[in-house]
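Worksheet for the structure shown next.
Per chain, numbering begins at 1; letters A, B, ... match sequence-line order.
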Protein chains: 2
Amino acid sequence: MAVKKPTIKDVARLAGVSFKSVSRVVNNEAWVSDEVRTKVQAVIEQLNYQPNRTARLMRTAPFSLAFVYDNPNSHYVIEMQNGILTECREKGFELVIHPTDSASDQVRHELTSMIGTNLVGGVILTPPLSESTTLVQQLLEQQAKVVRIVSGAEPPDELCPTIYVDDEAAGQAITEHLLDQGHRHIAFLGYHKDHKSSLGRYRGYCAALHHAGFAVEDELVISGHFTFDSGVQMTEQLLQQSNKVTALFGCNDEIAAGALYAARKRQLAVPEDLSIVGFENSPFSRQTWPGLTTVHQPNAEIAARAAAMLISLMLEPEQTPKHCGFKLQLVLRDSVSPI
Amino acid sequence: MAVKKPTIKDVARLAGVSFKSVSRVVNNEAWVSDEVRTKVQAVIEQLNYQPNRTARLMRTAPFSLAFVYDNPNSHYVIEMQNGILTECREKGFELVIHPTDSASDQVRHELTSMIGTNLVGGVILTPPLSESTTLVQQLLEQQAKVVRIVSGAEPPDELCPTIYVDDEAAGQAITEHLLDQGHRHIAFLGYHKDHKSSLGRYRGYCAALHHAGFAVEDELVISGHFTFDSGVQMTEQLLQQSNKVTALFGCNDEIAAGALYAARKRQLAVPEDLSIVGFENSPFSRQTWPGLTTVHQPNAEIAARAAAMLISLMLEPEQTPKHCGFKLQLVLRDSVSPI
DNA sequence: TTTTTTATTGACAACGTTGACAGTCTGGTG
DNA sequence: CACCAGACTGTCAACGTTGTCAATAAAAAA
């Protein structure tokens with residue numbers, strides 16, 4: 001044991017050729033005679049030689065990318081990650097993951113450090129980091145390749161290739177669904193002024209109400225976070241202060257699941273006494289009882305797309321990939337009933 | 001834009017010292033005068049110089065580790081990952097994640113390649129990969145540092161530092177809890193002969209029954225996977241073929257959640273008509289209704305420990321960290337009632 | 001035949017860092 | 001005063017690749 005890893009020169013010596021020839025074989029370059037090629041390949045096989053990535057990286061651009069996110073416990077993240085990974089594996093890239101606290105000042109430093117030290121060649125940014133223009137600019141200045149995922153009906157600017165997800169349209173669609181079923185007092189759970197997705201969904205909710213000729217009732221709009229616990233707490237608060245509400249729009253599935261839980265605790269039957277909808281179509285939205293009516297957000301697909309764009313950006317820098325928008329579809333299950 | 005990243009030599013030139021002195025300052029070596037130190041630091045600041053990791057890596061051991069897993073969608077994985085990440089960040093390591101299909105022959109090649117090409121210096125293995133002695137040996141031969149997480153009351157061998165989790169004792173404890181509540185016909189859902197954790201929990205289940213003087217009823221042991229869907233399906237199968245069963249031991253929380261769902265579908269009240277327990281204490285085990293009685297498996301903590309052991313192994317190779325065992329605790333919630 | 005092209009190979013210098021080692025001061029000690 | 005240790009600094013060779021360019025041999029064109 002403690003055998004040193006074979007290097008390109010070891011292979012060269014055994015094959016009786018120059019180490020440059022070995023390099024050529026390894027990189028599948030032209031102008032190598034079949035004779036040399038087979039001889040070298042045999043030795044590579046024999047020694048189980050594998051080129052040292054680190055050394056290689058000194059001459060070439062990094063073959064790895066970073067996934068930067070903020071909310072480590074959500075399903076959102078793991079689905080995204082899986083999507084990115086499928087793409088990475090296909091293209092032979094490695095993935096470095098980098099959770100971070102977007103509130104902290106460290107973020108900028110950490111990110112520019114990953115780029116600045118040549119660890120990764122590109123970065124996939126998710127909200128809320130992806131919404132900071134200055135951060136994106138800083139990264140770009142360091143010659144990082146950046147792809148960002150944001151909420152919106154179109155990209156906010158032309159800084160970098162962007163994937164935008166139209167929360168507003170979907171928020172409107174699912175609210176309209178509730179209105180169609182006869183609901184008139186629909187609560188919105190999970191409003192958060194600094195959270196673009198929340199805001200988009202909220203705007204869609206307002207638009208649907210307005211189009212239908214109803215006003216937004218302020219006491220039915222509850223602020224909170226995108227978590228189960230927050231969902232429980234918001235629902236309790238709401239049900240205490242209002243008894244006319246017949247439907248709940250949870251800003252994501254976790255909130256909706258929390259609402260479901262709180263309703264159960266209050267002995268309210270869903271959907272008979274109270275209709276509930278979520279947003280995201282995370283796996284557990286079909287595992288609750290009743291299954292949640294929600295909006296399908298194809299996180300893995302979105303992320304895979306982001307990864308594909310980033311990799312193309314790194315490999316063929318001359319051709320900038322286009323932005324890409326995602327429209328979201330309703331998923332009807334059993335948590336809504338007509339009134 | 002397109003400014004080249006400053007190198008150690010750029011700093012040296014501007015500071016009017018040799019680049020070796022800069023290196024010394026960067027690495028906090030002794031024997032550097034305060035004068036040089038402050039001068040260099042000023043220039044570093046000014047240029048925003050960051051040492052190139054790749055180049056550094058050519059002279060030193062890699063500062064990153066790989067997390068290798070097989071079941072990308074489970075909570076288990078994301079919790080583990082978060083645990084590893086906390087540890088990594090603290091120690092300044094980067095994490096490369098590597099999902100893989102343990103059934104495929106590629107695994108060995110992929111792993112030895114990560115090591116062989118110097119991408120990472122160490123690997124954290126989870127089941128079922130961690131159970132392959134030959135894989136561990138292969139990795140070790142490549143001078144990889146390996147820490148593995150396995151199921152068992154003690155490490156299976158002395159190949160590498162190991163974290164072992166005593167599924168059997170916990171499986172026994174939770175079965176005893178059910179027996180204490182008067183249950184006599186307890187089904188075991190999620191038996192899988194190739195799955196060590198499943199097997200351990202199953203052995204605990206059997207032991208509890210035997211100690212209490214009951215036999216294991218074969219028709220109450222259902223084979224399946226650790227997923228929600230499998231849980232639903234196994235429960236349906238079970239309830240069709242037996243009507244004496246009063247309690248269900250789901251081999252993990254997802255199975256238990258599936259069982260809950262299937263019971264609901266059959267109009268069975270939990271826990272009144274049927275008691276259900278899970279295993280793992282994943283977040284959603286307290287988000288179901290009723291909350292699941294389960295076994296707390298501190299995945300993040302386990303993984304953080306693994307990472308800490310691995311890092312120590314990489315940094316101070318002379319001192320091998322000790323194995324480390326985890327005992328699991330019952331979490332009593334509302335999915336069990338006395339009979 | 002001579003020249004040009006085409007295929008094939010090798011020497012050598014990068015890449016940006018750290019480690020080994022050899023200097024050069026300064027001040028104290030014999 | 002000579003010597004030495006200690007504090008500091010610099011030179012140079014690695015590390016394992018890839019890129020550049022020159023050298024060679026064989027084949028084709030003149």
Side-chain angles (χ1 to χ4, degrees), chain A residues 3-41 43-44 47-64 113 115-119 121 142-143 315, chain B residues 3-41 43-44 47-64 113-121 142-143 315:
Chain A
V3 206
K4 282 207 59 178
K5 289 167 190 163
T7 76
I8 202 172
K9 296 193 179 172
D10 297 324
V11 177
R13 201 175 322 112
L14 253 93
V17 299
S18 77
F19 71 94
K20 178 67 223 198
S21 290
V22 178
S23 168
R24 273 189 268 260
V25 171
V26 169
N27 294 35
N28 255 310
E29 284 174 36
W31 314 141
V32 181
S33 67
D34 288 349
E35 190 200 342
V36 169
R37 194 179 295 275
T38 53
K39 203 165 49 178
V40 167
Q41 265 159 352
V43 178
I44 287 181
L47 291 186
N48 186 27
Y49 163 74
Q50 295 174 310
N52 180 318
R53 289 195 212 218
T54 311
R56 206 173 227 187
L57 242 44
M58 292 209 53
R59 313 302 324 268
T60 64
F63 268 58
S64 43
S113 150
I115 295 292
T117 62
N118 225 36
L119 211 209
Q142 302 243 350
Q143 304 141 66
L315 257 29
Chain B
V3 204
K4 283 207 55 178
K5 287 168 192 164
T7 75
I8 203 172
K9 296 193 179 171
D10 298 324
V11 177
R13 203 174 323 111
L14 251 94
V17 297
S18 78
F19 72 96
K20 180 67 224 197
S21 289
V22 179
S23 168
R24 274 190 267 260
V25 171
V26 169
N27 294 33
N28 256 309
E29 284 175 36
W31 315 142
V32 182
S33 68
D34 288 350
E35 191 199 339
V36 169
R37 193 179 294 274
T38 54
K39 203 164 51 180
V40 167
Q41 265 159 353
V43 178
I44 287 180
L47 292 186
N48 187 27
Y49 164 74
Q50 294 173 309
N52 181 318
R53 291 194 211 219
T54 310
R56 207 173 226 187
L57 242 44
M58 293 210 52
R59 313 305 323 272
T60 64
F63 268 58
S64 42
S113 150
M114 294 183 87
I115 295 292
T117 62
N118 224 35
L119 211 211
V120 298
Q142 303 242 350
Q143 303 140 66
L315 258 28

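For the side-chain contact (heavy atoms from CB on, under 4.5 Å) test, residues two or more places apart in sequence or in another chain that qualify with A/Asn118 are A/Pro62, B/Lys5, B/Asn52, B/Thr54. Remark: A/Ser64 pairs with no residue by the side chain to side chain donor-acceptor pair (under 3.5 Å) rule, at least two apart or across chains. When the side-chain contact (heavy atoms from CB on, under 4.5 Å) test is applied to A/Ser113, the partners found at least two apart in sequence or on another chain are A/Thr117, B/Gln50, B/Arg53. Residues that satisfy the ring pair (Phe, Tyr, Trp, His ring centres under 6.0 Å) test with B/Tyr49, not counting sequence neighbours, are absent from this structure.
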Side-chain donor-acceptor pairs of residues 11-26 of chain B under 3.5 Å, sequence neighbours excluded:
{"unit_1": "B/Arg13", "atom_1": "NH2", "unit_2": "B/Asp10", "atom_2": "OD1", "d": "3.1"}
{"unit_1": "B/Ser18", "atom_1": "OG", "unit_2": "B/Lys20", "atom_2": "N", "d": "3.4"}
{"unit_1": "B/Ser18", "atom_1": "OG", "unit_2": "B/Ser21", "atom_2": "N", "d": "3.3"}

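For the contact set between residues 48-63 of chain A and DNA chain C, defined by any heavy atom under 4.0 Å, the members are A/Met58, A/Arg59.
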Requested in this report: Give the B/S/- string for nucleotides 4-11 of chain C, one per nucleotide from 5' to 3', where a protein heavy atom under 4.0 Å of the base yields B, of only the sugar-phosphate yields S, and otherwise -.
Outcome: ---SBBBB

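If you walk DNA chain D from 5' to 3' and mark each nucleotide with an atom closer than 4.0 Å to a heavy atom of chain B, the marks span D/dA7 to D/dG16.
Among residues at least two apart or in separate chains, side-chain hydrogen bond (donor to acceptor under 3.5 Å, both in side chains) pairs with a member in residues 26-35 of chain B are B/Asn27-B/Arg56.
The line from CD1 of A/Ile8 to CG of A/Leu47 is 12.0 Å long, rounded to the nearest 0.5 Å.
The shortest heavy-atom contact between B/Ile115 and B/Gln142 is CG2-O, 3.7 Å.
With axes fitted over five pairs at each extremity, the angle between the ends of the helix from C/dT1-D/dA30 to C/dG30-D/dC1 is 70° (10° resolution).
Rounded to whole Å, atom P of C/dT17 lies 14 Å from atom CD of B/Glu29.
B/Asn118 comes within 4.0 angstrom of nothing in the nucleic acid, heavy atoms only.
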